[in-house]
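Single-structure report; data block below.
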Amino acid sequence: MSTSPEYATFHFHALHHADQPLLLPNAWDVASAVALAGAGYAAIGTTSLGVAAAHGYQDGRGLAEARDATLALALRLNGRLSCPYTVDIEGGFGGGPGEVADLAARLADAGAAGLNLEDGLPGGEGLQDPARQAELISAVKERAPGLFLNARIDTHWLVDTPPPLSDALARAETYLAAGADGVFVPGVVADEDVSVLAAEVPAPLNILFAPGRHTVSRLAELGVHRISTGSLLFRTALQATLGAADAIRTDQPLPEVSGAGGEVMGYADVQRLMGE
């Protein structure tokens, strides 16, 4: 595949309208992104939790430091991947329409094909007013019209009692009218709810993969166009690190590694990966 930014953006948009949903693994640094791209995934996303935590910050706080780390990663990925990549920018890191649009333009210049923009307020302080969120979306699409803007709706994310689906659908309608290209509703797990969203949202629907509850084939049957892993891969890698360290400390065999013949990637393998 051509690695030109124009083609990558066009290809990324097209992946959301293919016969099968786009499975989007989320990376947190250059090594994880390059490894995933090398494994043959059609596109790569970043995870805001993974990027923030890898730099010593909490996710979803609108921190300038997390913003800088996110942009720096995007710049480092420019020209390094064989597939398109999209960037998670939380809710715009607390910026107004102009600042968020500037960030989007810089990401587009860095070769990003899309971005994820959520309507949850920093620090979990509720949700952004839909009209205000629509202003952010419109500003981004005006400055960087080629980016695939995935509008994340947090009505069902990290809440004990989620509201009716009609709340998410109303926000989706507002965000799509403002120029969003797709809709992402993390926290929706039940088949019947996913099916309603897929039928009612007139744009590619993104669902966050829930281990033990979802399969790619079933989500495809329900009409989902994009499946994100979110921070799952980062958290799995962190847990695997603890498991390996503990096994060494207690004179136990290293935990079995899935894939690659069950072997840990070698030093030379990582060097080779970074040299590609």
Side-chain angles (χ1 to χ4, degrees), residues 15-16 18-28 32-33 35-36 39-54 58-60 86 88 90 116 118 120 124 150 152-165 167-169 172 182-201 204-247 252-265:
L15 289 170
H16 291 79
D19 292 336
Q20 293 297 316
L22 168 62
L23 176 58
L24 192 74
N26 296 85
W28 57 93
S32 57
L36 288 165
Y41 288 93
I44 305 298
T46 67
T47 159
S48 63
L49 173 65
V51 174
Q58 288 188 316
D59 179 38
T86 181
D88 187 345
E90 298 185 9
N116 203 65
E118 63 195 51
N150 199 38
R152 178 174 138 175
I153 298 171
D154 282 357
T155 50
H156 289 63
W157 181 239
L158 300 180
V159 294
D160 294 329
T161 305
L165 283 179
D167 286 17
L169 290 170
V183 169
F184 181 23
V185 191
V188 172
V189 176
D191 282 10
E192 54 269 30
D193 292 336
V194 173
S195 180
V196 169
L197 288 174
E200 297 294 330
V201 173
L205 175 67
N206 186 182
I207 290 295
L208 182 66
F209 182 81
R213 297 292 302 274
H214 292 153
T215 64
V216 171
S217 58
R218 180 55 178 157
L219 289 174
E221 292 174 356
L222 295 173
V224 174
H225 288 84
R226 170 166 155 175
I227 303 168
S228 296
T229 60
S231 64
L232 176 61
L233 302 184
F234 172 75
R235 291 181 285 111
T236 300
L238 198 58
Q239 190 63 51
T241 298
L242 292 173
D246 191 58
Q252 299 297 315
L254 289 177
E256 185 175 343
V257 179
S258 299
E263 297 179 357
V264 175
M265 186 177 290

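Keep in mind it's a predicted model, so treat the numbers as computed, not measured.
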Q) If you measure from OG on Ser217 to CG on Leu222, what distance do you get to the nearest 0.5 Å? A) 9.5 Å
**Q.** 4.5 Å side-chain heavy-atom contact, His156 and Pro163
**A.** yes
Q: Enumerate the residue pairs fulfilling side chain to side chain donor-acceptor pair (under 3.5 Å) with a member in residues 40-50, sequence neighbours excluded, ordered by first and then second residue.
A: Ser48-Asp59, Ser48-Asp88
Q: Taking all non-hydrogen atoms of both residues into account, name the closest pair between Leu22 and Ala43 and its distance.
A: CD1-CB, 4.1 Å
Q: Check Ile153 against Ala172 and note the closest heavy-atom contact, atom names and distance.
A: CD1-N, 3.5 Å
Q) Is His225 reaching over with its side chain to a backbone N or O of Asn206, donor-acceptor style, under 3.5 angstrom? A) no
**Q.** Taking every non-hydrogen atom, the tightest pair across Trp28 and Gly50
**A.** CB-C, 3.7 Å
Q) What distance do Leu24 atom CG and Asn116 atom CG have between them, rounded to the nearest 0.5 Å? A) 9.0 Å
Q | Gap between atom CZ of Arg213 and atom CG of Leu219 - 0.5 Å precision | A | 11.0 Å
Q. How many angstroms lie between CD in Glu192 and CG in Leu197, if you round to the nearest 0.5 Å?
A. 11.0 Å
Q. Which side chain to side chain donor-acceptor pair (under 3.5 Å) pairs, counting each pair once, include a residue from residues 231-242, with sequence neighbours left out?
A. Ser231-Arg235
Q) Among all residues two or more places apart in sequence or in another chain, which pass the side-chain hydrogen bond (donor to acceptor under 3.5 Å, both in side chains) test with Arg218? A) Asp191, Glu221
(Q) Please give me the minimum heavy-atom distance between Val185 and Ile207, naming the atom from each residue. (A) O-CD1, 4.1 Å
Q. Does the side chain of Arg226 reach to within under 4.5 Å of the side chain of Asn150, using non-hydrogen atoms?
A. yes
Q: Any chance you could measure Asp193, atom CG, to Leu165, atom CG, to the nearest 0.5 Å?
A: 4.5 Å
Q: Grab the two heavy atoms, one from Ala168 and one from Thr155, that are nearest each other, plus how far apart they are.
A: CB-OG1, 3.5 Å
Q: Determine yes or no for a side-chain-to-main-chain donor-acceptor pair under 3.5 angstrom, with His214 supplying the side chain and Val189 the backbone.
A: yes
**Q.** Closest non-hydrogen atom pair, Phe184 against Leu208
**A.** CE1-N, 3.5 Å
Q | Spacing of CH2 belonging to Trp157 relative to CD belonging to Glu118, to within rounding of 0.5 Å | A | 9.5 Å
